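Shown next, in structure tokens, is the structure this report addresses.
Computed from a predicted model, the values in this text were never measured in an experiment. Chain letters run A, B, ... following the sequence lines, proteins first and then strands; every chain starts at 1.
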Amino acid sequence: MMQSFRIPGAGRLTPAKTMRFTFDGQSFTGVAGDTLASALLANGVHLVGRSFKYHRPRGILSVGAEEPNALVDIERDAARKTPNVRATVQELYDGLAATSQNRWPSLSFDAGAVNDLASPLFSAGFYYKTFMWPKAAWKSFYEPKIRAAAGLGVAPDQPDPDHYSARFAHCEVLVLGGGAAGIAAALAAAETGVRVILCDEQAEFGGALRFEAGAKIDGADGWAWAQTAIAKLSAMDNVRLLPRTTAFGYYAQNFVGLAERLTDHLASPDANAPRERLWQIRAKRVILAAGAIERHMVFADNDRPGVMLASAARAYLNHYGVAIGRNVGVYTANDSAYAAAIDLKKAGVDIAAIVDLRDNPSGPLVEEARALGIEINHGRAVIRTGGRLRISSMSVQPKNGGGERKIAVDALLMSAGWTPSVHLFSQSRGKVAFDEETKRFLPGIYAQDCISVGACNGTDGLAASVEEAYAAGAKAAKDAGGKAAKAAKPKVEASENWSRGMLGAAPGAGPDKIVKAFVDFQNDVTAKDIRLAVHEGMRSIEHVKRFTTNGMATDQGKTSNMHGLAIAADTLDKNIPEVGLTTFRAPYTPVTFGAIVGHARGALFDPTRKTAMHGWAEAHGAVFEDVGQWKRTWYFPKPGEDMHAAVNRECRTVRQSAGLFDASTLGKIEVVGPDAATFMELLYTNPWQKLDAGRCRYGVMLREDGFIYDDGVVGRLAPDRFHVTTTTGGAARVMNHMEDYLQTEFPHLNVWLTSISEQWAVIAVQGPKSRDIIAPLVKGIDLSDEAMPHMSVREGRICGVPTRLFRMSFTGDRGFEVNVPADYGQAVWEALWTEGQKHGACAYGTEAMHVLRAEKGYIIVGQDTDGTVTPADAGLDWAIGKKKTDFVGIRGLTRPDLVAAGRKQLVGLRTNDPKIVLDEGAQIVADPKQAIPMKMIGHVTSSYWSENCGRSIALGLLTDGRARMGETLHVPMPDRTIEVEVTGPVFFDEKGERLNG
Amino acid sequence: MLLIHCPYCEEERPELEFRHAGEAHIARPTDMAAMSDEDFEKFFFIRSNPKGVIYERWRHVHGCARFFNAVRDTVTDKFVMTYKAGEPQPKKLPGAGK
């Protein structure tokens, strides 16, 4: 298809470099340097989408990131589908495939457009009013229907195959925005030798110079000057230029987030290249040169395809060489649209008429237009447009009423003036101030080391902007430690000057009319909706915004916010600042999840911790469970065994012979120093001073409020050295807790804390044969009961390597925990395994470990306790040193609620039917016949099938539990009520004889 | 992301290296066991929640691992100053009292 709207000789692209692309399956050609929008326009395509709510035909409004209408789906392959891409920022590449969104069955005939006829139903707040009842219908009916009908693009249904990179960077001066002001600021700063980063969201630097044909700087055309300046900057070692990079978020202390798009413009990106790169930049000074965004005119049917911002039409002509129509109308309240009309006229496009709301527009641009023979209708308004899938006419009327005239057009340019882009300034927590004279919000009070220059600072005219920006660049560099700037300041020899414009609804969107004068194109919000919101009681702009959804689409109201605010203020009969401005929030434009997530996905989402014996366990068929970041062996199924069979066998084998268990994940902390015992006395409830070296003790750690925080066996290796173990999950927080007290409350104690969790691998050898298994491998330690009784620790060697050998048990059977340096973990495990085989021992996992400890009533902190359980509740008050005068939690334990009657206490629970295994978390009631909601008097904390007991066992926390021994209580479940008998928590070997068995 | 000056490392480091640790200058009494219920309530549960200057404990957990104190403004989120654990609560803050 011919690019019939491409004007020979116009624009800066090379016509010979053609590229093919498709839109909704139809093939077109464009040229290198085009955006999807400019390429479509070159082919005369204006209709590109359907609106969000009313499904109205929509065209391309803008030439940049503010685009609310032209959202398309770009598909590279099944997984690389990006919805909601603004056609105005998507660079064309050969083979690009784009489809329109939110239409069915086709863009030109969309069944959803019936919404437009039914629009009285869809006025502001219609969600709140219409879909009130029945309540249950919201989830099953209303929401799915609304989501299907009012939608944007469709999210891809496959994982993102691209990868994304991330970088941190530091610089003295960060310049956000690469238009004339940004370039001037960067030039000034770069000359001083400091590190400068200049970014711009466009593929090429130059900003508004893209369309501003009347600019002349340093003897060159404005755009050419920009390219020369960029070439100069890119040759400097201290300057980093980031095109295609959007500064999307401005955070604390000049920390700015940038998204750099690396491959979205390429036809066949390198598979190894990152698609986007997230820059996290910390700058000493930030220069905001974000420019300004042109506003549309708010009048009836201002959304037809072919209705466009004047500056956009100008950029399509002057940069892309594309005429947006052949017979173009202009509707304006501002001079800048005249410049567009003049450029188009000179390029051979007919200008049907300029309609200017102002009574007596004057100035060089107006005169020039007149001189070119363009008809100027001043003091008049466009009150409506005609056409269906493309504008065909505009109806003009004196703004105070009178005769109506219909003028045929195939495109309509509009300009209500320019809104300074204060988004990033506002994100930096700077306070904007309303300038009464120019009716603009401008940077007011700064909160960070940044400065706004050029159009985003409300500075009018190129010369003044460049002057201001250059000075700001030089000052920022100097303040950040640079030398004085030497370079010659750019000299602006010619520029255009634009006067103000207007805010709010133009005549023709009057309050009495049932018309659609769009304020927010992307969310289909009209002037009437905003007035309605005010009439229905919304007073603050924050409420008006939420009620109407004005400015809440992904374009964040870049073109609509000021109009919406002005209409609300007008309806309230208040001044604009009294109604307030909504807060600008990051991101400035949408950022992909990929860029935010970067490498932190899949296997790199979170670290995986594996023990020294992981490889052996894997080779022996272990099933692993995740415990925090750890992979722990859960059970070791033999061929044909399910989990229950494996766990039952493991539990049986441990008590009959022995089992090997990888306990390496336990937290381990070495507490060393002359005051180590004193410190231990303060951090644990137990007494430690009199514990002999070589002996162990089960320690209970509380928080200051008296509740159990952690537990573990502690071995005293020497008078000044304790080997403390913690729960697997508690390792880091216990270390933090200890360091906190040592550094801040007990800094006088001479103690050193070292985390040794990863330095020592731990192999638990448990069961009657445990001593026989380790004995042949241990050197230098007397393993007899007399020399090494239960709860003792020795240092010696095993398999020729150093060991800290604990005699302790978490099963209730004779047991040892063999600590060896982690590097030897697997070798020692294998040696023990070989010995164990001779005795019929097994390897067991965490599930069997849980069952075995529950058979003995040993608690697991975090399972049988929940942060509200005291040692007395858990039956551990024996572990509190009665003579101690201080330890963390001592006062908490005597709090009234902690000593009151009626606390939940740890008990054992036996189901009357021994085959029933209770559900952990199930609630316990006294009377199952009571009315719902029942009074719940406790809950099940641990519950297993115990192969060794030949029945189910459970632990629970029960109100006044120890006074209820022998009582029958009830556990109501959805399908039945289970009778349980309250017992002591020990189910196996109640006398504890097996510890030496 | 904030930059926080660690008074032990004597340099500004990114917030990621630090962890907040509650309000500062709440000393643990030496005679804990003898505290009244009211005093314990104040010591353990009651915290100030000012709009403005707050004294906090922070830990340079992924750095030198030291706990220190910081003065921060809860409105602006800005750190006014940081100082070592055990040093007295600063009476005069930089930039104040003008």
#### Entry: Best-contacting candidate, N254(A), L893(A), T894(A), V888(A), against chain B by heavy atom pairs under 4.5 angstrom
V888(A)
### Task
Name the region of E745(A), side chain, backbone, both or neither, that has any atom closer than 4.5 Å to a heavy atom of chain B.
side chain
### Task
Could you tell me whether R28(B) and D886(A) make a salt bridge, using a distance below 4.0 angstrom between a side-chain N and a carboxylate O?
yes
### Task
Under 4.5 Å heavy-atom distance to chain B, tell me which part of T744(A) shows up: side chain, backbone, both or neither.
side chain
### Query
Do other residues, nucleotides or ligands put more than 12 heavy atoms under 6.0 Å from the NZ atom of K51(B)?
no
### Minimum-distance pair of heavy atoms, taken over all atoms of M32(B) and I890(A)
CB-CG2, 4.0 Å
### Query
Counting only heavy atoms not in W752(A), do more than 12 fall under 6.0 Å of its CH2?
no
### Check: T76(B) main-chain N/O paired with R429(A) side-chain donor or acceptor under 3.5 Å
yes
### Task
Write down the atom of M1(B), the atom of Y251(A), and the distance for their closest heavy-atom approach.
N-CB, 3.8 Å
### Query
So, Q743(A) side chain and A65(B) main chain: donor-acceptor pair closer than 3.5 Å or not?
yes
### Task
Could you pull out the closest heavy-atom pair between R895(A) and F45(B), with the gap in Å?
NH1-CZ, 3.3 Å
### Message
For a 4.5 angstrom cut-off between non-hydrogen side-chain atoms, does E739(A) reach R59(B)?
### Response
yes
### Query
Between Q253(A) and L3(B), what is the shortest heavy-atom contact and its length?
OE1-N, 2.5 Å
### Query
chain B: which of P747(A), G257(A), P896(A) shares the most heavy-atom pairs with it under 4.5 Å?
P896(A)
### Task
Using a strict 4.0 Å threshold on nitrogen-to-oxygen distance, state whether R57(B) and D740(A) make a salt bridge.
yes
### Carboxylate-amine/guanidinium proximity below 4.0 Å for R891(A) and D31(B)
no
### Query
Non-hydrogen atoms of chain A under 4.5 Å away: do they reach the side chain of F40(B), the backbone, both or neither?
side chain
### Query
For N736(A), is it the side chain, the backbone, both or neither that has a heavy atom under 4.5 Å from a heavy atom of chain B?
both
## Note on the structure
Among R66(B), R19(B), K78(B), the residue with the most heavy-atom pairs under 4.5 Å to chain A is R66(B)
### Summary
The interface call for Y741(A) against chain B, heavy-atom contacts under 4.5 Å, is side chain
